[in-house]
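Data block below; observations after.
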Amino acid sequence: MAVSLKGRSLVSLKDFSREEILEILRTADTLKLERFRGQPHPLLAGKTLAMIFQKPSLRTRVSFESGMTQLGGHAIYLAPTDISIGKREPTEDIAKVLSRYCDIIMARTFGHDIVVDLATHATVPVINGLSDEEHPCQVLADLQTIGEKKGRLEGLKLAYVGDGNNMTHSLMFGCAQVGMHMTAVTPPNYEPDAKICAEAAAMGKEHNCTIEAVTDLSGVANADVVYTDAWASMGQEDEAAERRERFAGYQVNAKLMAATNPGAIIMHCLPAHYGEEIDFETSRTPNCVIFDQAENRLHAQKALMVLLAG
Ligand code: CP
Ligand code: NVA
């Protein structure tokens, strides 16, 4: 049966099946090729995307906005102070009003409950552009990137090193759905959410892969993909100094990479804090694919928007 995502929202990657994720990745590859060939693809002509931001952004904002332009549509940037989501009026009302003007809503929020609330009350698709709990759009781009570099997804091992955060959670769901083993290696007390780990592990079992969280750095052994992210996420700036102490040793560098599979690729969603979660030298090695990931945000999100609202 053909996969249809029309009218759906993407709040968490766990809501999308393996077939649905693979369909997004196939569409992303097609759109990427069309862009490189200079072939116009105005699949969302006349449509409007509302982009709500409670936090800063480079990649998410620009890739969604450029993506919408390339698809023949238009994007409206709503800065944190423009609509003051969560403060000025109920989120339910914002969802209902934006649904009368726009065809898709994308939101980057602190509380995950705000994205859930928007998706509950909007009558158009809502896309999570990062919440404190998940970052599903990044993982779609990451899976596309891994597929390009490794030629497959199933059966590979991804080791995530650093803070058990929104990236870790979405990677766990994404890996589980596509059959990629994943070990999250974090310092004690900074593990990913236990409930999410259990859900992702159960999902992984269905697709013959192991999803686990450990605190010992030996968890990176035999990794085909090493992934890291900021030790202090947006909103945790006050904890940055303490986290630098707690996370010392959990840095992606040449020594850590020596324990992984030959040819292992290095990934980071960016922005990076060089000298903390990754050293600059390692970030500039040929197997580090951070800028390919950043580029694929554009293609993966265009595919997502076309499938949800095309
Ligand atoms: N990776 C990512 O989401 O980057 P921005 O915070 O710049 O959007
Ligand atoms: N975990 C990071 C990801 C940034 C793209 C944050 O939430 O700040």
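Whatever order the structure lists them in is the order used to number ligands and atoms, beginning at 1. The model shown is predicted, which means the values in this text are computed figures rather than measured ones.
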#### Entry: Part of Lys55 with heavy atoms under 4.0 Å of ligand 1, whether side chain, backbone, both or neither
neither

### Query
When rounded to the nearest 0.5 angstrom, what is the spacing between CG in Asp224 and CG in Leu153?
11.0 Å

### Message
To check your reading of the model: name the closest protein heavy atom to atom 4 (C) of ligand 2, its residue, and the distance in Å.
### Response
Leu130 CD1, 3.8 Å

### Message
My understanding is that we take every heavy atom of each candidate and find the minimum distance to atom 6 (O) of ligand 1. Doing that for Met234, Arg108, His268, Arg59, which one comes out nearest?
### Response
Arg108

### Query
Should Ser233 be counted as touching ligand 2, given the test is an N or O pair under 3.5 Å?
yes

#### Entry: Any N or O of Cys269 closer than 3.5 Å to N or O of ligand 1
yes

### Query
Do Asn166 and ligand 2 have an N or O pair less than 3.5 Å apart?
yes

### Query
Quick one: does ligand 1 sit under 4.0 Å from the side chain of Leu130, the backbone, both or neither, non-hydrogen atoms only?
neither

## Note on the structure
Closest to atom 3 (C) of ligand 2 among protein heavy atoms sits Asp229 OD2, 3.6 Å

## Note on the structure
Of Val115, Ile104, Ile52, the one forming a side chain to side chain contact (heavy atoms under 4.5 Å, CB included) with Val126 is Val115

#### Entry: Leu58: numbered ligand 1 atoms lying under 4.0 Å from its heavy atoms
5 (P), 7 (O), 8 (O)

### Task
Measure Gln138 to ligand 1 on non-hydrogen atoms and call it side chain, backbone, both or neither using the 4.0 Å cut-off.
side chain

#### Entry: Where Leu156 and Arg152 come nearest, the two heavy atoms and their spacing
CD1-O, 3.2 Å

## Note on the structure
At under 4.0 Å between heavy atoms, what of Ala230 touches ligand 2? The answer is neither

### Task
Number the atoms of ligand 2 from 1 as they appear, then name those within less than 4.0 Å of a heavy atom of Leu270, with their elements.
5 (C)

### Message
Rounded to the nearest 0.5 Å, what separates atom NE2 in His273 from atom CZ in Phe280?
### Response
15.0 Å

### Side chain proximity check, Ile290 to Met267, heavy atoms < 4.5 angstrom
no

### Query
How long is the span from the CG atom in Leu5 to the CZ atom in Phe16, to the nearest 0.5 Å?
5.0 Å

### Query
Can you tell me the protein heavy atom closest to atom 8 (O) of ligand 2 and the distance?
Met234 N, 2.8 Å

### Ala95 versus Ser99, closest heavy-atom pair with distance
O-OG, 2.6 Å

### Task
Dump the intermediate steps for side chain to side chain donor-acceptor pair (under 3.5 Å) on His268 and Glu277, then the final yes or no.
CA-CA 9 Å; His268 191 314; Glu277 71 270 10; 2.7 Å; yes

#### Entry: Closest non-hydrogen atom pair, Phe110 against Gly235
CE2-CA, 3.9 Å

### Message
How far is atom 2 (C) of ligand 1 from the closest protein heavy atom, and which atom is that?
### Response
Arg297 NH1, 3.3 Å

